[in-house]
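Presented below is the structure to which this report refers.
No hydrogens, no waters, no symmetry mates; every other heavy atom, side chains included, goes into these values. Every chain is numbered from 1 and lettered A, B, ... according to where its sequence line falls, protein lines coming before strand lines.
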Amino acid sequence: MPGLEDLYREIILDHYKNPRNEGEFPSPPAIKAEGHNPLCGDELTVYVVMDGDAIKDIRISGQGCSISRSSASLMTVAVKGKTLDEVDRLMKIFKSMMSISTNSSGETEVIEPIEYSEKELGEMIALQGVVKFPVRIKCATLSWNTLMQALENRSS
Amino acid sequence: MPGLEDLYREIILDHYKNPRNEGEFPSPPAIKAEGHNPLCGDELTVYVVMDGDAIKDIRISGQGCSISRSSASLMTVAVKGKTLDEVDRLMKIFKSMMSISTNSSGETEVIEPIEYSEKELGEMIALQGVVKFPVRIKCATLSWNTLMQALENRSS
Amino acid sequence: MSKTLTTQLNVDQIRKDFPIFNQPEGKPLYFLDSGASSQKPQCVLDAMDNYYSTTHANVHRGVYHIAEQATELYESSRIKVGRFISAPHPAREILFSKNATESLNLLSTSLTRKLLKTGDIVVLSEMEHHANMVPWLIAKEQFGIELRYIPIDDNGYLILDNIDQILKGAKVLSITLTSNVLGTLNPISELAEMAHNEGALVIGDGAQYVPHIKTDVNTLGIDFLAMTGHKMLGPTGIGMLWGKSHLLELLPPFMGGGDMISDVRLDGFTPNEIPWKFEAGTPPIAEAIGLGAAIDYLENLGMENIRVHEVSLMEYAFDQLKSRFGEDIKIHGPTNIADRSGVISFEFKNIHPHDVSQILDQSGVCVRAGHHCAKPLMRHLGVNATARASFYIYNQQDDVDALVDALAKAEAFFA
Amino acid sequence: MSKTLTTQLNVDQIRKDFPIFNQPEGKPLYFLDSGASSQKPQCVLDAMDNYYSTTHANVHRGVYHIAEQATELYESSRIKVGRFISAPHPAREILFSKNATESLNLLSTSLTRKLLKTGDIVVLSEMEHHANMVPWLIAKEQFGIELRYIPIDDNGYLILDNIDQILKGAKVLSITLTSNVLGTLNPISELAEMAHNEGALVIGDGAQYVPHIKTDVNTLGIDFLAMTGHKMLGPTGIGMLWGKSHLLELLPPFMGGGDMISDVRLDGFTPNEIPWKFEAGTPPIAEAIGLGAAIDYLENLGMENIRVHEVSLMEYAFDQLKSRFGEDIKIHGPTNIADRSGVISFEFKNIHPHDVSQILDQSGVCVRAGHHCAKPLMRHLGVNATARASFYIYNQQDDVDALVDALAKAEAFFA
Ligand SMILES: Cc1ncc(COP(=O)(O)O)c(C=O)c1O
Ligand SMILES: Cc1ncc(COP(=O)(O)O)c(C=O)c1O
């Protein structure tokens, strides 16, 4: 059985206790999406302010467990200022990291794992231990899925 | 495991090979009912000619296994000439004999077992061994249930 | 600190019967999630293994000996279930399904096929499990029935002030005997009487009740009772439904297939007699047999003793949790333990239930975290999730102590 | 007389794995009723016992370790099932139900809720098991869909002369891959192609096929496949349904309850993602795990080898029965064994199948007698019932010999 320290790294606890980019933006103009985790009922809302092809600013509000909230916070830091292509790659990298147990846990999303360097992950690497706790993967991916939803809402 | 001789007594084989009161009556005036065994799909039709309160004559047609057909044949012999009250008692006696394993086999009909002497059963006692083969009880009771149905059709 | 429990159960002895508590290299297992699914005693596993190893065959259709024996075992489990809840006609009034959820879907479907029409009113409560809510929401979507809900107050009790109004004209009242989140024991026989006075049928969801409290459908005064095997020491894959025989006879079948018919033609079919009319296809044979063994085990302990044991554990737990954590722990539902079944849902400081559960797990303490399939109730409570500890026959003071200690660790961890 | 079988299976070894064939004081058991339900190898019982003894807990909802492990085991069985039939997306396209019957009811209900409307045509065949007939008869009764049947000829083959006509305008073709009475292997991929050309969805009933013949849903070319665990060495209480993912996504849920929702409000609900959308309530967890072990066992033997073994047994049986009883035995279905799966339905002299089966039982020979849940087919054959012997991996020449000898005894008894 994997230990707690695999799950709760210092970075995670820090982002949990001091979440970055928390709050709301008026929407519109900000694009917005709501996501929730059917396992526990946690909900969060993502607000994105675009600047052309890039994410100019992002905020997140809602409730959640330490994994869900720290992952959201880490995500905001990672994507702010990035172009959509960069964000897409980050999302794929993140999902690849999370998908290690995709098959055996029967996760719905079958993402083709991609090659990446640890450096690209930045602080998000702290979430690596989550894969040893398959039930929590949904907590970690909630914010990403909601961001993707927001970006899709934009195009439609 | 009970042996074959419990099930297939000589009397049974005799009534199976030489069924009494086989055939049909024009209906009306004869009252008639069709019964079938959902287990195997066997079907039989009972024709009853009443004389006031008594069964004047009875015939049976259809297909069935040795137990079902011999029981039907034995029944016709037992009820011919009897009043409805007598028939009702015979039916209850027969069901009591069959109901020994009623509960444990989950039979649908929960008949209050009644007291009776073996003499009242006559040749029908040959069917006593059927209770050791719960699945076959439905074969043995098919003709009786169909007769009851016919008598009910009459009153309605 | 170490008040002793008031119990007739020999828990040490009981735990020996459960292989999961006796693993060779087992770390301690403080299993406080029987509300989700109970553990199984060896005798239940043995009953199934024995069956498979000596006399497995499909039931109802075989003339040969082992098929007949399989049928006999299967049908006698039906009777055991019936007697367990004092059903007037055990052999005819118990149906086997796959879980309580199917039992409730069977009812909602069968009732809407025959007895309910557009605009008819079905009354539920706001504390229902999704299993007794979503089937009715589907019926609403499909057939236009209307739903009314009995609200709940801040202490987790049903608000009965306007109950006359709510039940007025209702065709069905479907309600849980006890809440899987709050633990509230609802006043079923009173509600049933009121509903019957309105001409409504009454369905009880007994999933959380029947495993813990001596159940008599006659005194409950209801018409149907849904149950599930895996929460009462039985295997997964089996649920039960009790119904009054004249109602079961009236209702049309739910699923179609083998065994539930008396005749099939290319253009129609005639249903079988009850109870088989409601059992389409090969039933959960081994599971019924395992459930029968579970019922024997429970009856041997005595359902009254089980209740006393659980109440005593609850008292101890309330005591310990409150004295250790005071205002830092908030327990949902009635404070009067006599009004509760053995579940404790709580909020602990500001720590998310997922995190609570995960940290408790490190100490071998298993509690559930989530919405407990009762999202409308969660919304009422103003939370997304709670942590929930629930008790059963194999739990003891140790389990409560471990829970309290592990909570203290969680407190420290997230401090 | 003693032709040897063409087989890669070591049946002596296989039989050692099945406790029912190794009972201490066991009389010989010639089990020829696997078509109704197969026996179980020890490894299947062990997988379930192990699960219950080490890591049982309810799935999907628990954060703690044993709940997580239970979920992992349950979900990995899903993937095993998917791979076993070459499903393109094993994790998303396999649903667990309680039996093949539920799988088919799920489809008939879900399809009528969304895709079918009054007057829409569903095509079946006249050789369907009640499990693939009664659900559609219910849908007909409830929603006014119309049924057409592909007829069968005297040799037990589908009559395809007018198939264009029959499929014209059809919305669904639901058909068995092989008849549980006649043994006929139907030309599924051809039929599927024709049905697809008409824009119809194609459902295969694989209950009698998947346990015996290597199955690849892609080459079959169908859209849905219903299966059942207990006929393929698995436990009772579990069925499976494969469906193309985009279709499963399109279809509304069948039953409502826990786990199949993403959100529930007092006035409505949002379904979960596939496959869970179709799994309401606590699923058959241990049963899925047992089924996983059964699939491992079958794959280890090799599905191709199993088919060769059964064909060889059938050849031997046809040979023996015909040479011993000549015209006194009438075997239904195709005479070409390559066109058959391993079931032999027969009439023997004028002896009623019940009596045949009962007398055979005295010699330890288990065959089924009855209408085999195919009453319309029985009517077509002009009988009320047949006796049926069916083969599986643990059967051998001995079983056939015992059948023949016991039939001779029955002949003598009723002479
Ligand atoms: C062809 C066919 N379809 C469906 C079924 C139904 O299977 P189950 O009873 O497991 O639902 C059977 C088995 O009886 C069958 O032979
Ligand atoms: C109150 C209540 N009703 C119904 C259910 C559903 O039981 P099952 O999942 O066995 O169908 C549960 C259990 O989760 C429950 O707690």
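- In terms of non-hydrogen atom pairs under 4.5 Å with chain C, the most contact-rich of D:His372, D:Gln39, D:His129 is D:Gln39.
- In this structure, the separation between NZ on D:Lys27 and NE2 on C:His65 is 7.5 Å, given to the nearest 0.5 Å.
- Among the candidates D:Lys375, D:Glu141, D:Met255, D:Lys98, the residue making the largest number of heavy-atom pairs closer than 4.5 Å to chain C is D:Met255.
- Looking at C:Met378, there are no atoms closer than 4.5 Å to chain D (heavy atoms on both sides), in backbone or side chain.
- Per-residue counts of heavy-atom pairs under 4.5 Å with chain C were compared for D:Pro135, D:Ala139, D:Gly370, D:Ala288; the largest is that of D:Pro135.
- For C:Ser38, the part lying near chain D is the backbone, with the side chain staying farther off; criterion is any non-hydrogen pair under 4.5 Å.
- With a threshold of 4.5 angstrom between heavy atoms, C:Met133 approaches chain D through side-chain atoms but not through N, CA, C or O.
- If you measure heavy-atom distances from C:Ala100 to chain D, you find no contacts under 4.5 Å at all.
- If you take OH on C:Tyr51 and CD1 on D:Ile20, they are separated by 8.0 Å, rounding to the nearest 0.5 Å.
- Between chain D and the residues C:Ile66, C:Ile285, C:Thr54, the most heavy-atom pairs under 4.5 angstrom are made by C:Thr54.
- Each of C:Pro284, C:Pro376, C:Ala131 has some count of heavy-atom pairs under 4.5 Å with chain D, and the biggest count is that of C:Pro376.
- Contacts between D:Asp263 and chain C at a heavy-atom distance below 4.5 Å involve backbone atoms as well as side-chain atoms.
- Per-residue heavy-atom pair counts under 4.5 Å with chain C were compared for D:Glu126, D:Glu102, D:His371, and the maximum is reached by D:Glu102.
- Using a 4.5 Å cut-off between heavy atoms, C:Val367 touches chain D through its backbone atoms (N, CA, C, O) alone.
- If you measure heavy-atom distances from D:Ala67 to chain C, the contacts under 4.5 Å come from the side chain alone.
- For the 3.5 Å distance criterion, the side chains of D:Glu287 and C:Thr236 qualify, holding a donor opposite an acceptor.
- Between chain C and the residues D:Arg368, D:His130, D:Lys40, the most heavy-atom pairs under 4.5 angstrom are made by D:Arg368.
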**Asked** When you look at D:Val134 and C:Val264, which way does the side-chain contact (heavy atoms from CB on, under 4.5 Å) test go after all the steps?
**Response** CA-CA 8 Å; D:Val134 185; C:Val264 178; 3.8 Å; yes
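- Taking chain D as the reference chain and counting heavy-atom pairs below 4.5 Å, the highest number among C:Val44, C:Leu45, C:Leu104 is found for C:Leu45.
- Within the 4.5 angstrom heavy-atom criterion, no atom of D:Phe21 approaches chain C.
- Between C:Phe31 and D:Tyr64, the two ring planes are perpendicular [angle over 60°; tilted spans 30° to 60°].
- Using a 4.5 Å cut-off between heavy atoms, D:Asp267 contacts chain C through both its backbone and its side chain.
- Both the backbone and the side chain of C:Leu266 have a heavy atom closer than 4.5 Å to some heavy atom of chain D.
- Ranked by heavy-atom pairs shorter than 4.5 Å toward chain C, the options D:Ala57, D:Cys366, D:Ser34 are led by D:Cys366.
- Contacts of C:Tyr52 with chain D are made by both backbone and side-chain atoms, with heavy-atom separations under 4.5 Å.
- Proximity to chain C at a heavy-atom threshold of 4.5 Å picks out D:His354, D:Ser357, D:Gln358 from residues 352-360 of chain D, in numerical order.
- For a residue to count as touching a neighbouring chain, one of its non-hydrogen atoms must lie under 4.5 Å from one of that chain's; by this rule D:Thr55 touches chain C with the backbone only.
- Neither the backbone nor the side chain of D:Thr228 comes within contact range of chain C; no heavy atoms are under 4.5 Å apart.
- No other option in C:Glu128, C:Met48, C:His230 has as many heavy-atom pairs under 4.5 Å with chain D as C:His230.
- Heavy atoms closer than 4.5 Å to chain D are found in the side chain of C:Leu29, but not in its backbone.
- Residues D:Glu68 and C:Asp361 fail the side-chain proximity criterion, which asks for heavy atoms closer than 4.5 Å.
- Atom CG of C:Asn58 sits about 6.0 Å away from atom NZ of D:Lys231, to the nearest 0.5 Å.
- In this structure, NZ in D:Lys140 is found 10.5 Å from CZ in C:Phe269, a value given to the nearest 0.5 Å.
- Annotation: maximal heavy-atom pairing with chain D below 4.5 Å, among C:Ala286, C:Ala280, C:Ala374, C:Pro283, occurs at C:Ala280.
- With rounding to the nearest 0.5 Å, the separation of CD in D:Glu279 from OG1 in C:Thr101 is 12.0 Å.
- Chain D forms more heavy-atom pairs under 4.5 Å with one residue of C:Gly256, C:Pro252, C:Ala207 than with any other, namely C:Gly256.
- In this structure, D:Met260 CE and C:Cys373 SG are separated by 11.0 Å, a value rounded to the nearest 0.5 Å.
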